[in-house]
Amino acid sequence: MNYRTFKNVLLTSVASISVAVNALAVTEPAIIPMPRSMSVKEGFFTLKSDMVVCTDEASRETAEYLAVRLRRATGYQIKVNPSQGKTAGKGGILITTADAKSSLGSEGYEFTATRDNVVIRAPEQAGLFYGVQTLLQLLPPRIFSVSEVKDTAWTVPCVTIEDRPRFAWRGLMLDVSRHFFTKDEVKRLLDVMALHKINTFHWHLVDNDGWRIEIKKYPKLTEVGAWRKEIGYGFDAGAATAYGPDGRYGGYYTQDEVREIVAYAGKLHITVVPEIEMPGHSGAVLEAYPELGSGGTGVSSQVYSAGKEETFDFLQNVLTEVFGLFPSKYIHIGGDEVPKGAWEKDIASQELMRKEGLKNQDELQSYFIRRIEKFINANKKTLLGWSEILHGGLAPNAAVMDWIGGGLEAASQGHDVVMTPTTHCYFDYCQSVDRAAEPRTFGGFLPLEKVYFFEPIPDKLPSEMQKHILGAQGNVWTEYMPNFKQVEYMIFPRLCALAEVTWSPKEERNFDAFISRLRTDTQRLDQLGVHYRPYRTESITKIGDWKPGQIKKEGASLEWDITKNLTSAGSARVIFLNTGGAGQVLDILSVKLFEDAVEIGRDSNVSSCRGGHGTKPVCYTFDVPTPKRGSHYTLRAQVSVGSGGTGASSPGTLFWDLKPTPR
Ligand code: TNX
């Protein structure tokens, strides 16, 4: 789409430039994801209090959805006429499948706004629904207000749009096991997904920390498996509200609630894909039904026995109830990070390996997944699993969700693949290098730019196999997100970028234009009350590293030259990020700033800078003077191996953030 054309049209068509600027502020098309093709014309269509949404009987629900959305903010008594599917008339909106181009596919649509009316045509309802989302985004952001907004000109710029998605799978995964989120929170998320034309909600319902779906045949799954004693992950009890009446932490969805969410999503043209983890990440189940486990302790206690018939009976019974609740073609069975060593000590698993001639644990895992796949296929569903289901041989009809590789290999062999690599799709990773200014997160770093430039098709995949890349998905693992506000903060605006990756043409991607549209989109999020991370460019820079060998038990002095970092007088933060694992702790006793050999600043706070996931960096602050030409500036830190850790020294990185003194 072409903003320049749009501005030129405005500037030449209105008498005064200030009017043009005003009009731009209200109506500049800021559609996310950007449509495939759009041309902006002169003039506006304006909503009227007595207007009608005309439609055919088949599209009535979509027309009603639009009318409800429009009524809320405008306060207009907009009517729906379901027996007028041919023309919008003057001042109306037409939503119809009549005469739609079949080349638009199942999710595409055509959209025309003139001064007289708006016409949305699509061969199928999903396309009409996306046309409606486009219409909402062409209106001022206050159209998303939950209460009536007076004195607004509800205008839509005159445009013609032809649009359809690049990928069929435009997804978001939410982990509700590590922390539990309510039915209404899930619905809220679905609404904002639909606004960005995201069509798949992958629901991670099961993990070590909690089983979240009622299964009638096995009540202990939720009586026992949905709860834990404490919030965990180092959070204060008050960081979440998911407590039961008995004070236990957790929660689950009843089957009625699951049906309600699936139906709600369906109306938003979102497919819900359930994930029932196996054979690992199953600590919550095995707490309720320990007889299905491999025995063992620690992570080994979180793995089903692969050798017991009872395991398969149980899983098949669970899956049967799951099939009845989810119309989705795909059933996700996890398959990731199985500590397969658990099977070495499990007699039943060892016997099975002998009987089946399985050479190693990978082949045993593959046996497990293949057996489940047979059952899933017999129920006319397709098995989907994480990268590791390739180990020991991929099940014949399985689809793969690539998080640590395997996508290229699977797609090359003709298996369908959804791309969710940690490098570009892990919304649990920190959004800024300035971790000190962010909430606690998982170890990785995933800025908005990186999501935006993600290319789902692997480089080396031959063109004839590219159709096997169904699309991409953002993953929200919630270890460090104890409440929904935090979940939203991690999802937005990164999901907006992923929406564009999965919907819009690759060649048209332009980060600056996206950021400019995002400004309007975040106004929509404001109206909807979504908690997002405002986009800003980073002022933080890396000074250098430290290596484990430099840190001694008896203490050590680390030094970094910061002459080129100290560019003006101001307030500087020196940030220590421990990149080691859990238990690798660096004690910092003082940090001093030198100008040549003279100490000019000192922060004598003593702190422990910890490694591992979900830990925060440590900050030291200095008022720095205007640098003298020719002088050298040095930071010196007095450190030692941390007393509160395992005694191992850590690696780490040092950052610098200078806020210049305003002149
Ligand atoms: C790996 S991604 C996992 C999850 C964790 C996540 C944290 C995947 C299939 N497994 O269990 O929550 O890393 O980033």
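Counting convention: from 1, in listed order, for ligands and their atoms alike.
The nearest protein atom to atom 9 (C) of ligand 1, hydrogens excluded, is given as Asp336 OD2, 3.0 Å; this is a heavy-atom distance. Of the protein's non-hydrogen atoms, Tyr426 OH, 2.5 Å is the one closest to atom 2 (S) of ligand 1. Regarding atom 13 (O) of ligand 1, its nearest protein heavy-atom neighbour is Trp403 CZ3, 4.0 Å. Taking atom 3 (C) of ligand 1 as the reference point, the nearest protein heavy-atom neighbour is Glu337 OE1, 3.4 Å. When hydrogens are left out, the protein atom nearest atom 11 (O) of ligand 1 is Arg178 NH2, 3.0 Å; that is the closest non-hydrogen contact. For atom 12 (O) of ligand 1, the closest non-hydrogen atom on the protein side is Glu479 OE2, 2.6 Å.
The heavy atom nearest to atom 14 (O) of ligand 1, considering only Ile404, Asp428, Thr422, Thr478, is found in Asp428.
The closest approach between His281 and ligand 1 falls below 4.0 Å for a heavy atom of the residue.
Taking the six-membered ring wherever Trp is involved, the centroid distance between the rings of Tyr289 and Trp211 does not fall below 6.0 Å. With ring centers used as reference points, Phe445 lies 6.0 Å or more from Tyr429.
A salt bridge between Lys359 and Asp362 is absent, with no side-chain N of the basic residue lying under 4.0 Å from a carboxylate O of the acidic one. Between Arg573 and Asp434 a salt bridge is recorded (basic side-chain N to carboxylate O distance below 4.0 Å). A salt bridge links Glu455 to Arg166: one of the charged nitrogens lies within less than 4.0 Å of a carboxylate oxygen. A salt bridge does not link Glu185 to Lys183: none of the charged nitrogens lies less than 4.0 Å from a carboxylate oxygen.
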